[in-house]
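Order of the sequence lines sets the chain letters (A, B, ...), proteins ahead of strands, with each chain counted from 1. In this text, all values refer to a predicted model and were calculated from it rather than measured experimentally.
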4 protein chains.
Amino acid sequence: MPRTEKQFEQIRKEKKKLIMDAALELFAMNGFHATSISQIAKKAGISKGLAYNYFESKNELLQELVDQGFQEVGEMMQPNQDGIPSDEEFASFIEKSFDMVGNDLRHWKLFYSLMLQPTVAENINEKYAEVSEPLFKMMYTYIASKGNKDPEGDMMIISSMIEGALLYIIVATDIFPMERLKEKVIDGIFRIIESGGGKN
Amino acid sequence: MPRTEKQFEQIRKEKKKLIMDAALELFAMNGFHATSISQIAKKAGISKGLAYNYFESKNELLQELVDQGFQEVGEMMQPNQDGIPSDEEFASFIEKSFDMVGNDLRHWKLFYSLMLQPTVAENINEKYAEVSEPLFKMMYTYIASKGNKDPEGDMMIISSMIEGALLYIIVATDIFPMERLKEKVIDGIFRIIESGGGKN
Amino acid sequence: MPRTEKQFEQIRKEKKKLIMDAALELFAMNGFHATSISQIAKKAGISKGLAYNYFESKNELLQELVDQGFQEVGEMMQPNQDGIPSDEEFASFIEKSFDMVGNDLRHWKLFYSLMLQPTVAENINEKYAEVSEPLFKMMYTYIASKGNKDPEGDMMIISSMIEGALLYIIVATDIFPMERLKEKVIDGIFRIIESGGGKN
Amino acid sequence: MPRTEKQFEQIRKEKKKLIMDAALELFAMNGFHATSISQIAKKAGISKGLAYNYFESKNELLQELVDQGFQEVGEMMQPNQDGIPSDEEFASFIEKSFDMVGNDLRHWKLFYSLMLQPTVAENINEKYAEVSEPLFKMMYTYIASKGNKDPEGDMMIISSMIEGALLYIIVATDIFPMERLKEKVIDGIFRIIESGGGKN
DNA sequence: GATGAATGAGGATTCATTCAT
DNA sequence: TATGAATGAATCCTCATTCAT
């Protein structure tokens with residue numbers, strides 16, 4: 001009995017995932033250029049040729065990984081509201097950011113790595129800016145709602161703090177343990193915002 | 001009659017600098033692996049072969065760049081004191097960090113890039129940790145001196161903020177303008193520390 | 001549908017032989033260092049890259065040639081006995097040595113060449129000594145069985161004679177024709193042994 | 001006081017010898033192709049450029065070494081007579097051959113090495129044949145004078161024995177000690193010649 | 001869909017040789 | 001005479017990509 005089209009589709013999907021997983025692992029660990037298609041194929045347990053059955057080129061494979069990553073971010077992070085977030089919502093958003101990175105270190109390591117080498121994945125910085133935009137906006141709204149004197153400025157440093165903490169988690173998780181850092185960052189953000197009423 | 005030893009030394013010094021400059025530019029821009037010796041030579045205006053008269057290998061060239069960078073950091077950053085830094089000293093230290101990065105974006109872009117790909121320059125994370133150690137200590141001392149309840153925790157988030165701000169400067173200086181960011185970060189740090197007396 | 005494993009194996013086996021043959025020819029003729037992978041590939045009718053699909057490096061290719069050569073020697077030369085060889089056995093052994101070299105001049109030229117340049121194939125002298133050991137022993141036994149006064153000394157000069165004759169065959173077969181030389185050497189060896197009863 | 005022309009000449013001669021010595025050492029040890037001009041210059045304590053002041057090319061340097069070697073052989077070996085050598089003269093001639101090689105292993109290692117790779121020093125085999133010619137002739141004369149039935153055949157195997165012994169000395173002096181070998185070879189040669197009266 | 005042999009362009013590295021000083 | 005910086009051709013080797021089966 002021949003497989004139905006659906007089964008084929010399923011197989012294709014799974015194999016593709018297999019390849020992408022292997023690639024992500026290696027790209028994140030060793031970098032895009034230092035990773036060969038051979039290595040990816042071996043890790044995925046397939047032949048070199050088959051990889052080209054699923055991806056036009058090594059660059060396209062990278063691109064799909066990037067897209068995949070951004071899609072996950074988009075799904076998880078959409079500030080599903082346009083109004084002013086509550087304190088809980090805001091805190092939960094920060095927390096989610098950390099969890100997202102913590103649960104998918106490889107994607108994020110790859111992202112950061114690519115952002116520092118924009119020649120590889122051309123549009124990554126733009127995409128990242130695009131994804132970040134609504135988050136910045138949401139942050140800004142929230143901070144401003146607290147009567148802050150310089151909401152933009154505080155948003156900048158809060159973003160910095162988050163970004164920096166995520167970087168520590170990605171690059172040196174052993175130095176600054178994730179859970180502690182997350183907790184402290186959330187706490188710190190609120191302290192900054194609270195202290196923003198009477199300055200600047 | 002041959003040139004004097006001094007003349008040779010002079011030539012070597014200048015040419016070496018030339019090569020390192022070209023390499024730094026390209027490594028920072030495109031990444032280590034995506035940069036070929038040919039490109040470096042062309043940019044430096046020399047022949048491929050000559051590069052090997054100055055550096056044993058591409059890797060060694062990278063290593064020298066890294067060492068050079070760290071040396072500059074070391075020189076600029078040594079917290080020339082063991083006691084508790086004054087507020088001015090502390091602020092000036094933060095400011096210097098920003099200036100250091102701002103004045104040498106290429107080195108720093110390379111550093112961050114390498115830290116995310118430790119396979120390339122083996123010991124870079126260790127070296128960075130080594131360089132950071134005294135700075136962490138100094139921060140800790142300063143924060144603790146302010147009667148902070150959790151100096152270590154605050155140090156973590158302040159470090160994060162600085163690191164994140166530097167990352168923004170390196171990767172997206174157009175979004176968050178350096179001078180503004182620097183000023184806001186310093187301000188933010190003091191607000192955090194001040195607010196750290198009564199919490200946690 | 002891909003080829004079966006057997007087909008692949010067959011292809012690999014044949015192509016490998018092709019490459020090794022080309023390499024042996026060129027190494028023997030021009031020497032290891034003076035032979036480039038390009039030349040080998042061209043002679044074998046393949047691309048440069050493919051050579052590396054079969055051999056990790058030029059050195060490994062050499063090593064496999066050496067091993068191949070020694071294996072053939074081992075197979076052909078094993079003195080399949082521990083006792084005292086008869087006159088016929090002994091003569092046949094000498095004859096076989098000559099034939100072995102005569103039938104595989106290229107391998108032997110390579111061997112001799114490498115033995116004179118031990119930097120290239122590190123262990124070749126040891127391997128050669130290892131292979132020669134049982135032959136020396138067999139010779140010694142035979143000579144001693146003839147009541148020789150100094151079997152070791154006679155073995156030395158007989159070995160020298162053989163080695164020297166082989167060298168002539170390898171390097172200047174046109175001067176001393178192989179068949180004649182072989183015959184004369186065998187005759188000479190017996191004369192030496194016979195004359196060894198009353199001297200020294 | 002400027003040096004006289006003679007002094008200059010002297011200096012040139014000495015420096016040239018210096019370079020040739022270094023080259024010989026390295027060529028013999030590692031082979032012609034594996035030895036770079038840089039290495040030679042360093043070993044000779046001069047600059048790369050200067051080497052080219054004395055030798056047109058690396059190949060010419062080799063050629064001069066070869067010529068030098070052959071000249072020494074010629075000087076030492078000329079059978080300064082056309083008549084039949086006496087037993088003592090013959091024995092002394094063999095002995096001298098061994099001493100010549102033993103005292104100048106490097107030249108001889110180079111020679112043998114080149115003879116096996118005629119591509120490098122084009123005419124070496126011819127030259128060697130040329131040098132050997134009178135020696136063969138002398139041997140032949142001597143052997144024939146002993147009433148030998150097949151002087152040419154015996155000359156072949158005696159030459160082989162000598163050549164082989166020299167090869168052992170060059171390549172594996174530790175296995176067959178030179179002095180012993182020399183003595184045994186001379187003895188063996190006489191035994192062969194003596195036994196040549198009643199056979200073949 | 002699946003395989004891995006095959007290609008060839010490109011990259012790191014070496015080295016004989018030249019040349020300004 | 002003497003130096004070593006400089007060149008560029010040649011070499012080893014890698015790897016993305018293609019393709020016959």
What's the [atom1]-[atom2] distance between [X] and [N], to the nearest Å?
X	N	atom1	atom2	answer
C:Q39	F:dC12	CD	P	8 Å
A:K16	E:dA2	NZ	P	14 Å
C:R3	E:dG1	CZ	P	19 Å

Which pairs would a plain distance check flag for residues 37-44 of chain D, meaning a side-chain donor or acceptor within less than 3.5 Å of a matching protein atom at least two apart in sequence or in another chain?
none

With sequence neighbours excluded, what pairs up with C:K16 under the salt bridge (Lys or Arg N to Asp or Glu O under 4.0 Å) test? C:E64
Residues two or more places apart in sequence or in another chain: which of them pass salt bridge (Lys or Arg N to Asp or Glu O under 4.0 Å) with A:K15? none
B:K15 side chain N/O closer than 4.0 Å to the phosphate oxygens (OP1, OP2) of F:dA6? yes
Contact class for C:S57 (heavy atom, under 4.0 Å): base, sugar-phosphate, or nothing? sugar-phosphate
Base, sugar-phosphate, or nothing: which does D:T35 touch, judged by heavy atoms less than 4.0 Å apart? sugar-phosphate
Cation-aromatic face contact B:K127/B:F111, 6.0 Å, 45 degrees: no
In this structure, are over 12 heavy atoms from other groups packed under 6.0 Å from A:E56 atom CD? no
Please map the stems of DNA chain F, keeping only stretches of three or more Watson-Crick or G-U wobble pairs with both distances under 3.5 angstrom. E:2-21 with F:2-21
Quick one: list whatever passes ring-ring contact (aromatic ring centres under 6.0 Å, His included) with B:Y128, sequence neighbours left out. none
Expected output is a numbered-order residue list: members of residues 44-54 of chain C with a heavy atom under 4.0 Å from any atom of DNA chain E. What is it? C:I46, C:S47, C:K48, C:G49, C:L50, C:N53, C:Y54
Closest to side chain of C:K58, choosing from E:dT13, E:dG4, F:dC13: F:dC13
Starting at the 5' end of DNA chain F, which residue's closest nucleotide do you reach first, C:F32 or B:R12? B:R12
